[in-house]
Amino acid sequence: MIDYELYAKIRHYHEHKGLSPAQIGQELELDPRTVAKWIEEKRYRQRAPANRSGKLDPYKDAIARMLEDHPYTAVQILHRIKNEGYAGGYSILKDYVRKVRPKRTKAFLKLNFAPGECAQVDWGSCGTIRVGSATRRLSVFVMVLCYSRMIYAEFTTAQTMEHFLACHQNAFDAFGGVPGKIMVDNLKSAVISHRFGQQPVFNPVYADFARYYGFEIRACGVRKPHEKGRVENAVGYVKNSFLAGLNLPDFRGLNQELRHWLATVANVRV
């Protein structure tokens, strides 16, 4: 069953990252058909579970113990409990096994960095805003220093290469220097292609920019979201702390307010 947290992740990956149902299903280990169904839902609706498990109730404790001891399949468990008198169906058992099977988490190394060694960069989508008489998409560029978690953020009305590089320059000015490496998600402004198991092909404009400023580009691994967790958290922090409840009549003055928040709230944290 999809809970609200999982529903919110599906919406985030679809609306802000532009991932397809198949890609989201791969990220979250869900059936793409389930993902597609929940993308169509404009708001979360809790589904009441069907009360079909009466025949299975006497065997639930034994099933849980089996799964703790060994990763049995539902078919293997069915054969075992049938010998003990189970008269129910396979689909009920399969649903229950899927629900109670111990979660297998992917193991990965925690990334540690020295001061000044690395920064992470990403865009966040923040809805729309008035610019003069027009309505434009609002984006936020975020660069976070991996060691100190110091944040630079800037709102833009586009995610073009010009905006991407200008935001880098503004971040370097704000930090008073350039980190040794900048870790990017597989953004088209930075990475043209990055196939699984192969070296990334960097955007030549961004590669020239990196050579000029003397930093190394590091592309996050394919399907390894934990590698850019610092900047994803920082994007969420800007949205949930700075933007939450903020009245945005138009684009004018927005970045000035953001700079004040960075100086007095975000970057005074230890």
**Student:** With a 3.5 Å distance limit and no angle check, can you tell me whether Arg230 reaches the backbone of Asn233 through a side-chain donor-acceptor pair?
**Tutor:** no
**Student:** Is there any ring pair (Phe, Tyr, Trp, His ring centres under 6.0 Å) pair reaching into residues 83-102, and which pairs are they, with sequence neighbours excluded?
**Tutor:**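 Qualifying pairs: Tyr59-Tyr86.
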**Student:** How about CD on Glu257, more than 12 heavy atoms from neighbouring residues, nucleotides or ligands closer than 6.0 Å, or not?
**Tutor:**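 For Glu257, atom CD is not crowded (no more than 12 foreign heavy atoms under 6.0 Å).
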**Student:** For Val231, is there any backbone N or O sitting under 3.5 Å from a side-chain donor or acceptor partner on Gln120?
**Tutor:** yes
**Student:** For residues 138-148, which residue pairs qualify under side chain to side chain donor-acceptor pair (under 3.5 Å), counting only residues two or more places apart or in two chains?
**Tutor:**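 Passing the test, one end in residues 138-148: Ser139-Gln159.
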**Student:** With the threshold set at 4.0 Å, does a side-chain nitrogen-carboxylate oxygen contact exist between Lys82 and Glu84?
**Tutor:** no
**Student:** Taking Asn255 for the side chain and Phe155 for the main chain, is one N or O donor matched with an acceptor at less than 3.5 Å?
**Tutor:** yes
**Student:** Below 6.0 angstrom between ring centroids: does that apply to Phe164 and Tyr206?
**Tutor:**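 Between Tyr206 and Phe164, which both carry aromatic rings, the centre distance is below 6.0 Å.
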**Student:** Does Val131 offer a backbone N or O that forms a donor-acceptor pair with the side chain of Arg252 under 3.5 Å?
**Tutor:**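 Between the backbone of Val131 and the side chain of Arg252 there is no qualifying donor-acceptor contact (under 3.5 Å).
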**Student:** Mind telling me whether Phe172 and His168 have parallel, tilted or perpendicular rings, with 30° and 60° as the class edges?
**Tutor:** perpendicular
**Student:** Can you tell me if Glu117 uses its side chain to pair, donor with acceptor, with the backbone of Ala114 under 3.5 Å?
**Tutor:** yes
**Student:** So that I can tick it off, tell me whether Asp122 and Lys17 are bridged by a salt bridge, with the cut-off set at under 4.0 angstrom between side-chain N and carboxylate O.
**Tutor:** yes
**Student:** Does the side chain of Lys99 reach to within under 4.5 Å of the side chain of Asp95, using non-hydrogen atoms?
**Tutor:**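 In short, these two side chains do not touch, never coming nearer than 4.5 Å.
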